[in-house]
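The structure appears right after this line, and notes come after that.
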Amino acid sequence: MTDALLVETRKAAAAAWWRQAAVYQIYPRSFADANGDGIGDIPGILSRVDYLRDLGIDAVWLSPFYPSALADGGYDVADYRNVDPRLGTLEDFDAMVRALHARGIRVVVDIVPNHTSDLHEWFQEALDAGRGSAARERYIFREGRGENGELPPTDWVSVFGGPAWERVEDGQWYFHNFATEQPDLNWDSREVREDFLKTLRFWSDRGVDGFRIDVAHMLTKDLTEPLPSRAELELIPQDGKHPLIDRDDVHEIYAEWRRVFDEYDPPRTAVAEAWVSTPERRARYASAEGLGQAFNFDLLVADFDAAQFRSIIAENLAQSKMSGSSTTWVLSNHDVTRHATRYGLPALNGRPVKQGTEWVAAGGPESRLDRDGGRRRAHAATLMLLGLPGSTYLYQGEELGLHEVAEIAPEQRQDPAFFRGGEFDGLGRDGCRVPLPWTASGASFGFGSGAAHLPQPAWFAEYAVDAEAADPSSTLSLYREALRLRHLLQAGESLEWVDTGSDDVLRFVRPNGWQIVTNFGVVPFDLGADAEHVALANVEVEGGLLPGEATAWIAPEGLNPGR
Ligand code: NOJ
Ligand code: CA
């Protein structure tokens, strides 16, 4: 190989790092608190970089750490090019990036382009400048209906519940798809577009490797009068021309962003958070001319069930062929009930079941939650996912096998979805955002030196990092081993299904001969001679039998995957 060719090959490999990466999501305010004020911070992350290296992940994705009034956990951004002073400084951020890069870990940050915080200087300017001003053009302001404009322009509801319009002092109304404190931007404004290009360059120049794009499918809107009613809106197909969701013209924005990403070497990556109607429509976000990758959330609404997993996997692999991107797998994130808990509850499309007026997942009768069973099924599902082609997004705390925290009193809750009665399992998302337990004892279980910003239950002690690190049978040890071995099996982006003769057992083989077998049922499955080559499993494989609710990784013959 010539030197030039070698350089090109290396460049191409560096540019494709994201295709099969294990990406660990950090929710910064709940990860580690270095100064003891109860809020996780950037120096806290810096203090845990060796933990991240030992875990074996390829990249971290940081949920927003920008200045914010925390009306929506930081997804209400007051300044896109700065660090919340409670979380640190830009210098702290740079030091964290350097430390992660030195350990071979890439850094992805969250971009929230659909809305700003109402404290953003643009929105404050819009309020002061009054109707008809250029400052209001950056947002979506309208006159109200009724004799004196006292009724909102439409009866639309926000994602978090309650009206999607808010009236300001001079009588105009502004549109917010999410909380009242999150006014939607007007993406017809060239100034808005330019400003986000500046933000992407700002973080890319600081060495950030990629971006996660919040509600990527909602930026562009067609609000030509007359506006449809809520009932009419719900009947409009989401095939590219819906007034608010997944419009075809949103991709013009991402084509422009792609040109910015490609200014860098290696090109910056992006992954879209896009809840759209079909896999075909999702593929558009993942195209190489656009963001490059899109989250697949199908498993968040699936049961622990072989048939559902198989069809979701097959469909998403087909979809990634279509877009040329790689698949993404997600079982938990900061918006959903943790998967150990989902799998420990009576099944209902993967969502917690409502009992009377209570949600079992959060605050409901403890007796309904099968803690150990949920965790075992979570292990089996995660091991299967980590064996699939494509990239896997892991959420902080799942490597400890954490359950959703139910014990949070209403006055201690923070999630606007809880207070506005919107989506998200009825009790909102605080239960998966409780600060991590690092030590089995001590103030806030080693999260910081004082109380944590959300209360941690006593049972967190059992799941603490120090306890699990010392226990070879812990969830943490299982994740570490899986992430280590994963580097061996991620060659080629395909799989072939192997017939198992059982509806409950899925088995596939990767191009280099690794096999993954998951038993979703309860009847043990006979692995035959392959049992000798089991390199990893979440349970003991005895007598050649893979027990129920378990996954085994079978090494290709002749390979010794030992340490
Ligand atoms: C999706 C984010 O994941 C969620 O946490 C947030 O509340 C909404 N977008 C609004 O930004
Ligand atoms: Ca702090």
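- With no hydrogens or angles considered, no side-chain donor-acceptor pair links Tyr174 and Asp184 at under 3.5 Å.
- Around atom CD of Gln238, more than 12 heavy atoms belonging to other residues, nucleotides or ligands sit under 6.0 Å away.
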What do the steps show when you test Asp239 against Lys241 for salt bridge (Lys or Arg N to Asp or Glu O under 4.0 Å), and what is the final call? CA-CA 6 Å; Asp239 60 0; Lys241 298 190 176 51; 5.8 Å; no
Let me see the working for Tyr80 and Thr116 under side chain to side chain donor-acceptor pair (under 3.5 Å), right down to the final yes or no. CA-CA 9 Å; Tyr80 290 87; Thr116 69; 5.3 Å; no
Report, one line per pair, each donor and acceptor closer than 3.5 Å where one atom sits in a side chain of residues 384-394; sequence neighbours left out.
{"unit_1": "Ser391", "atom_1": "OG", "unit_2": "Gln293", "atom_2": "NE2", "d": "2.7"}
{"unit_1": "Tyr393", "atom_1": "OH", "unit_2": "Gln293", "atom_2": "OE1", "d": "2.9"}

As a quick check of understanding, evaluate salt bridge (Lys or Arg N to Asp or Glu O under 4.0 Å) for Arg230 and Asp155, giving each step before the final call. CA-CA 6 Å; Arg230 178 184 179 189; Asp155 60 350; over 6 Å; no
Test salt bridge (Lys or Arg N to Asp or Glu O under 4.0 Å) on Arg281 and Asp248 and set out the steps. CA-CA 9 Å; Arg281 298 222 45 102; Asp248 287 338; 2.8 Å; yes
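- Geometrically, Arg310 engages Trp497 in a cation-pi contact, judged by NZ or CZ lying under 6.0 Å from the ring centre and within 45° of the ring axis.
- Donor-acceptor pairing under 3.5 Å is recorded for the side chains of Tyr479 and Thr382.
- Between the side chains of Asp76 and Ser68, at least one donor N or O lies within less than 3.5 Å of an accepting N or O.
- Closest heavy-atom contact between Leu119 and Ala69: CD1-CB, 3.5 Å.
- Closest of all the heavy-atom pairs between Asp170 and Arg131 is O-NH1, 3.1 Å.
- Checking Gln25 against His334 by side-chain atom types alone, a donor-acceptor pair falls below 3.5 Å.
- Of the N and O atoms on the side chains of Tyr285 and Ser325, not one donor lies less than 3.5 Å from an acceptor on the other residue.
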